[in-house]
Number of protein chains: 2
Amino acid sequence: MKQGVTAKDVAKLAGVSQSSVSRVYFEGASVSAKTKEKVLAAAEELGYRPNEFARSLITNQSKIIGLVMKGVQNPFYPQVLKLFTTSLKKHGYSVLFVYTNNDEIQKEDIEILFNYNVAGVVITDASLSLSVTEDFIKYQIPLVLFNRKIDNNKFYSVCCNNYEASKRIAEYLLSIGCTKMIYISGNENTSTSRERERGFSAMLQGSKVHYQKYSSDYTYEGGYNIACEIIEEKQLPDAFFVANDIMALGVVDALKDHQIAIPNETKVIGFDNIEMAAWPTYNLTTWEQPITEMVEETVKYLLNELEEYSGEAKNLEIDGSLILRKTT
Amino acid sequence: MKQGVTAKDVAKLAGVSQSSVSRVYFEGASVSAKTKEKVLAAAEELGYRPNEFARSLITNQSKIIGLVMKGVQNPFYPQVLKLFTTSLKKHGYSVLFVYTNNDEIQKEDIEILFNYNVAGVVITDASLSLSVTEDFIKYQIPLVLFNRKIDNNKFYSVCCNNYEASKRIAEYLLSIGCTKMIYISGNENTSTSRERERGFSAMLQGSKVHYQKYSSDYTYEGGYNIACEIIEEKQLPDAFFVANDIMALGVVDALKDHQIAIPNETKVIGFDNIEMAAWPTYNLTTWEQPITEMVEETVKYLLNELEEYSGEAKNLEIDGSLILRKTT
DNA sequence: TTCATTTCTGCATACGTATGCAGAAAATAT
DNA sequence: ATATTTTCTGCATACGTATGCAGAAATGAA
């Protein structure tokens, strides 16, 4: 009972061949209006839907995009997931979701995607191990790194322009008179965190600003703890630039817990503009990632590659904008 | 180049038949150790992986579970997504993710799941339209409603024991001397919110407590706004019981913005125990949903049904526990 | 050793769809 | 009207795997 009606059943009822039924559901195939009508009527009556497996077996390509995600706890990514699912659905694609614990994607994380002949893959916050890299190229499966880039010039990536954004942030902090600044990084082996630091420090270069970097891990607790350390070491700066919002919220809370007034005694800027940054308790100044546009660009690239594989490698960087709130 | 090696290629290299290759990868089939070894060696050399589509076409059942989710913004659900993906992967299943906007799942939301012959479906925070109900039964596809229940006695659901939990919450608030209480509901057409109210008010019944219900929508803004209204109407209670944490955080922030001291002037209890509830700024007293156990039970049911379909319908309710923090 | 039993293997076919090909039907031209 | 082109259709086959069946190989019993 599982697989109910097949194209054959529909064909019989409509009085046509199975091929004709197939052609009705295959975009671009040539069918007469009359046949189409008959088939659709029969299909409706029987409740027919083409079997995607059989279809993929023939075409050797599925309508599935693999989405690999790590930082599910950071509200930024569920938002990304939502946008991807919605956008891909519009184009007839579905999302096979893969959660990973690894910063660097391993073969076992994604072999399932290959087994399902996914049409393409998006990896949102992780990089690639070498063997995985090879597989993507070998099987010519379009891949986009989202919010991470990779320096091997073999894949397409879509990020916010982290370098420029961070320069603008530094510029802004200088303009309001900060002279002692701290950058709190995320995982240091992520391109995102490194780029943000690079832009930030580049802009401070040559100025008389006292600048220090501390390392953390992109989590709220990470931000909270490192801020506590800094406070206890009496290293309080004029301003914190924190590599993402969720850590920044941790920093803000640590400061509050130590009765340090924001923005009077010190300032905090985050990155991402997650929903919570706008909440009244936080009111966090931050950089807005152009997330909708980033997703659209990713989908656009994927669809192009599916149309005709080029293997184009490029780091697409999209601007964003500074959102001024009450922590600066 | 897309689909590289097939079982036939492996067979040739290993000097056996395609059937034997198939049997090596099919659990429970009978193959000699020698053949198995030869096949695995050849497969390793060629990089063979069985094509899931062809496989599903034969068995008429995929290793895919459809996961339908609505409230992606509420941190509770990404956590659920993570746990499901992890648990299902252990059992060899993958997750086809579907995002929906609808409180009530429509045919178009999930027809894709049927096209892919999903082995089972989990719907996390939505109910079902009638036609969808029928399809699940007709095609005998196991379905679990997660964190929602449905009163038609046709499906399995897994929830926290919302009724008992809410009674316990009321009991606790009574025990600390609250005499004026407000319940803030989520979407009122969700079983979850209704059950929580039912338990809460049942326990207050007969006591001299002044009790009122206000309606909201399970979002932070919803909680924030309704709390502002309540404050402006000078209806401030001794305690708020809020149908979920994310709204409760909104309530807390609204109270803070009005300089109302928590827990001295009023108290707040949420529901879910999302990560943020433990953050120092909030320190929210809440009810912990036994989320890991809920997910495990869901997976267990699905696997049983896949073993042998029973269509068992039941509302499984699992306890949880009161987490006391600083808002009470 | 020989025979009975069990375990394994290859053959052939099936799953539901897409598609090249050749011929039928329809449309257009003459 | 016929001839020519175009559009459509059915037939047959292919995709990569699983599986019933019958026979081969291995094992155990005597």
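Each chain gets a letter, A, B and so on, in the order its sequence line appears, and its residues count up from 1. Computed from heavy atoms alone, side chains included, the values below leave out hydrogens, waters and symmetry copies.
For the pair B/Tyr116 OH and C/dT17 P, the interatomic distance rounds to 14 Å; values are reported in whole Å. Taking atom CD on B/Glu27 and atom P on D/dT17, their separation rounds to 18 Å, with Å as the unit. Straight-line distance from the CG atom of A/Asp9 to the C1' atom of C/dG16: 10 Å, rounded to whole Å. Distance B/Glu52 CD to D/dT17 C1': 10 Å, rounded to the nearest Å. Across the protein-nucleic acid pair, B/Lys12 atom NZ and D/dT17 atom C1' stand 17 Å apart, rounded to whole Å. Taking atom CZ of residue A/Phe53 and atom P of nucleotide D/dG16, one finds them 16 Å apart after rounding to whole Å. Taking atom NZ of residue A/Lys8 and atom P of nucleotide C/dA18, one finds them 14 Å apart after rounding to whole Å.
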Using distance only, find each side-chain donor-acceptor pair of residues 122-135 of chain B under 3.5 Å and give its atom names and separation, not counting sequence neighbours.
unit_1: B/Thr124; atom_1: OG1; unit_2: B/Val68; atom_2: O; d: 3.2
unit_1: B/Asp125; atom_1: OD1; unit_2: B/Lys70; atom_2: N; d: 2.8
unit_1: B/Asp125; atom_1: OD2; unit_2: B/Gly71; atom_2: N; d: 2.6
unit_1: B/Ser129; atom_1: OG; unit_2: B/Ile105; atom_2: O; d: 2.9
unit_1: B/Thr133; atom_1: OG1; unit_2: B/Ser129; atom_2: O; d: 3.0
unit_1: B/Asp135; atom_1: OD2; unit_2: B/Lys107; atom_2: NZ; d: 3.3

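Put simply, B/Ser30 has a side-chain N or O that comes within less than 4.0 Å of OP1 or OP2 on C/dC8. Checking the phosphate oxygens (OP1, OP2) of C/dT17, a side-chain nitrogen or oxygen of A/Tyr48 falls inside 4.0 Å.
Where B/Val21 and A/Ser17 each meet DNA chain D at their nearest nucleotide, the meeting point lying more 5' is that of A/Ser17. Taking the nucleotide of DNA chain C with the nearest heavy atom to each of B/Leu57 and B/Ala33, the more 5' of the two is matched to B/Ala33.
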Strictly under 3.5 Å: I want the nitrogen or oxygen pairs between protein and nucleotides 19-26 of chain D, one per line.
unit_1: D/dT19; atom_1: O4; unit_2: B/Ser19; atom_2: OG; d: 3.2

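Judged as a salt bridge (charged side-chain N to carboxylate O under 4.0 Å, His left out), and not counting sequence neighbours, B/Glu305 has no contacts. Applying the ring pair (Phe, Tyr, Trp, His ring centres under 6.0 Å) test to A/Phe76 and every residue at least two apart in sequence or in another chain returns nothing. Scored by the ring pair (Phe, Tyr, Trp, His ring centres under 6.0 Å) test, B/Tyr77 finds no partners at all (sequence neighbours excluded). In this structure, the side-chain contact (heavy atoms from CB on, under 4.5 Å) partners of A/Lys8, at least two apart in sequence or on a different chain, are A/Thr6.
Between B/Phe53 and A/Phe53, the ring planes lie tilted relative to each other; the angle falls in the 30° to 60° range.
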